[in-house]
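Below, chain A is the first sequence line, B the second, and so on; all start at residue 1.
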There are 2 protein chains.
Amino acid sequence: MQNGIDDDTAASCLAALGHPTRLKLYRTLVRAGPDGAPVGALQESLGVPASTLSHHVQALAGAGLVVQERNGRVLTTRADYDTMNRLIGFLTDQCCQGM
Amino acid sequence: MQNGIDDDTAASCLAALGHPTRLKLYRTLVRAGPDGAPVGALQESLGVPASTLSHHVQALAGAGLVVQERNGRVLTTRADYDTMNRLIGFLTDQCCQGM
DNA sequence: CCTATAATTCGATATTTCTAGAAATATAGT
DNA sequence: ACTATATTTCTAGAAATATCGAATTATAGG
């Protein structure tokens with residue numbers, strides 16, 4: 001199975017998710033499933049200007065929470081569940097005192 | 001059992017934990033156990049100036065991740081596991097698509 | 001090659017966060 | 001009252017983040 005993440009990586013992930021728009025964005029990608037969604041579709045469903053959204057997507061990508069793949073003009077973004085699972089593992093192991 | 005948290009509360013918790021110093025702080029409190037730790041002890045173990053630390057503690061308290069209780073001159077801070085468990089529940093339920 | 005579409009990067013501003021010294025508050029003991 | 005200790009609040013500057021229109025890049029199809 002995947003190994004754990006360090007403190008600073010965990011903090012980066014948490015910071016990336018710690019913004020209402022980005023958290024909604026991430027959840028939208030999770031609901032979109034393993035095929036992900038093009039940026040344009042995210043823009044429509046979140047109602048955020050394209051340039052703003054682009055920055056938020058990059059913030060999540062920088063933390064490793066999403067990956068992007070280009071298919072022609074369309075840039076598909078999808079959630080990286082591995083990173084999320086490692087993050088949850090970190091919180092469960094390091095922040096819960098065996099509860 | 002505890003009920004879930006909403007999007008905005010989750011984002012606040014994630015933002016509060018999304019800072020290296022605050023994440024270390026929270027982990028230190030978890031390791032300190034249910035009795036918590038006085039601010040002074042945290043200051044010593046983290047090596048952060050008192051005023052800076054005070055702000056970070058308040059950031060965690062504002063998100064409901066820690067609670068403080070005064071005993072004489074000593075202000076004891078302890079982790080609120082309930083909030084953390086709700087946060088982990090949120091991430092597991094809303095951000096993992098049943099994985 | 002031209003046009004349309006998808007998305008990013010640029011540029012500029014506004015806002016928030018972070019940091020930490022100094023001053024203030026709260027409490028305890030003498 | 002006085003002094004020491006614990007912690008916060010005040011203040012202010014620096015750094016980072018957020019926002020979004022306009023310009024730009026990349027690609028596809030005629």
Side-chain angles (χ1 to χ4, degrees), chain A residues 7-29 32 35-80, chain B residues 7-29 32 35-80:
Chain A
D7 238 46
D8 286 341
T9 306
S12 297
C13 289
L14 291 163
L17 293 169
H19 184 287
T21 301
R22 282 196 299 266
L23 187 55
K24 281 188 193 73
L25 169 53
Y26 186 83
R27 296 225 289 144
T28 302
L29 287 171
D35 291 341
V39 175
L42 297 169
Q43 192 189 336
E44 192 141 313
S45 95
L46 292 167
V48 172
S51 61
T52 303
L53 180 60
S54 185
H55 289 305
H56 285 314
V57 172
Q58 283 175 71
L60 290 175
L65 286 160
V66 306
V67 292
Q68 291 187 290
E69 189 184 345
R70 179 172 284 278
N71 289 108
R73 281 176 298 196
V74 177
L75 195 59
T76 295
T77 305
R78 57 190 173 71
D80 185 329
Chain B
D7 238 47
D8 286 341
T9 306
S12 298
C13 288
L14 292 163
L17 293 169
H19 184 287
T21 301
R22 283 195 297 267
L23 187 55
K24 282 188 192 71
L25 170 52
Y26 187 82
R27 296 223 290 144
T28 302
L29 287 171
D35 292 342
V39 176
L42 297 170
Q43 193 190 333
E44 192 143 311
S45 95
L46 293 168
V48 173
S51 61
T52 303
L53 181 60
S54 185
H55 288 305
H56 285 314
V57 172
Q58 282 175 71
L60 290 175
L65 285 160
V66 306
V67 292
Q68 292 188 289
E69 187 184 349
R70 179 172 285 279
N71 290 107
R73 280 176 298 196
V74 176
L75 195 59
T76 295
T77 305
R78 57 189 173 73
D80 185 330

Rounded to the nearest Å, what distance is computed from the [atom1] atom of residue [X] to the [atom2] atom of nucleotide [N]?
| X | N | atom1 | atom2 | result |
| --- | --- | --- | --- | --- |
| Leu23(B) | dT17(C) | CG | C1' | 17 Å |
| Leu60(A) | dT8(C) | CG | P | 12 Å |
| Leu53(A) | dT9(C) | CG | P | 13 Å |
| His55(B) | dT9(D) | NE2 | P | 9 Å |
| Leu75(B) | dT27(C) | CG | P | 11 Å |

OP1 or OP2 of dT8(C) versus the side-chain N and O atoms of Ser54(A): is any pair under 4.0 Å?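 True: Ser54(A) side-chain N/O within range (under 4.0 Å) of dT8(C) OP1/OP2.
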Counterpart residues, side chain to side chain contact (heavy atoms under 4.5 Å, CB included), relative to [X] (two or more places apart):
| X | value |
| --- | --- |
| Ala15(B) | none |
| Ala59(A) | Arg22(A) |
| Ala63(B) | Cys13(B), Ala16(B), Leu65(B) |
| Pro20(A) | Lys24(A), Asp8(B), Ala11(B) |

Sequence neighbours excluded - side-chain hydrogen bond (donor to acceptor under 3.5 Å, both in side chains) pairs with any residue from residues 36-55 of chain B: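 Every pair satisfying side-chain hydrogen bond (donor to acceptor under 3.5 Å, both in side chains) with a residue in residues 36-55 of chain B: Ser54(B)-Gln58(B).
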Contact list for residues 59-75 of chain A, test side-chain hydrogen bond (donor to acceptor under 3.5 Å, both in side chains), sequence neighbours left out: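 Sorted result for residues 59-75 of chain A: Gln68(A)-Thr77(A).
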Nearest heavy-atom neighbours spanning [X] and [Y]:
| X | Y | result |
| --- | --- | --- |
| Leu42(A) | Ala37(A) | CD2-CB, 4.1 Å |
| Leu23(A) | Ala10(B) | CD2-CB, 4.0 Å |
| Leu53(B) | Val39(B) | CD2-O, 3.6 Å |

I'd like a table of atom pairs between the protein and nucleotides 13-18 of chain D - only N or O on both sides, under 3.5 Å - with the distance next to each one.
from    : atom 1 : to       : atom 2 : distance (Å)
dA18(D) : OP1    : Arg22(A) : NH2    : 3.3
dA18(D) : OP2    : Arg22(A) : NH1    : 3.1

Is it the case that atom CZ in Arg78(A) sees more than 12 heavy atoms from other parts of the structure closer than 6.0 Å?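 For Arg78(A), atom CZ is not crowded (no more than 12 foreign heavy atoms under 6.0 Å).
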Map every base of DNA chain C to its dot-bracket character, where paired means a Watson-Crick or G-U wobble contact with both distances under 3.5 Å and | marks a partner outside the strand. ||||||||||||||||||||||||||||||
According to ring-ring contact (aromatic ring centres under 6.0 Å, His included), who are the partners of His19(B), at least two apart in sequence or on a separate chain?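 ring-ring contact (aromatic ring centres under 6.0 Å, His included) check on His19(B) returns His56(B).
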With sequence neighbours excluded, what pairs up with Asp80(B) under the salt bridge (charged side-chain N to carboxylate O under 4.0 Å, His left out) test?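 In terms of salt bridge (charged side-chain N to carboxylate O under 4.0 Å, His left out), with neighbours along the sequence ignored, Asp80(B) is linked to no residue.
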Can you measure from OG (Ser12(A)) to CG (Leu60(A)) and round to the nearest 0.5 angstrom?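 If we round to the nearest 0.5 Å, Ser12(A):OG and Leu60(A):CG are 12.0 Å apart.
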Can you sort out which residues in residues 37-45 of chain B have a heavy atom within less than 4.0 Å of DNA chain D? Ascending by number, please.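 Heavy-atom contacts with DNA chain D come from Pro38(B), Val39(B), Gly40(B).
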Specify the residues of residues 66-74 of chain A, ordered by number, for which at least one heavy atom lies under 4.0 angstrom from an atom of DNA chain D.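 When residues 66-74 of chain A is checked for heavy atoms under 4.0 Å from DNA chain D, the hits, listed by number, are Gly72(A), Arg73(A).
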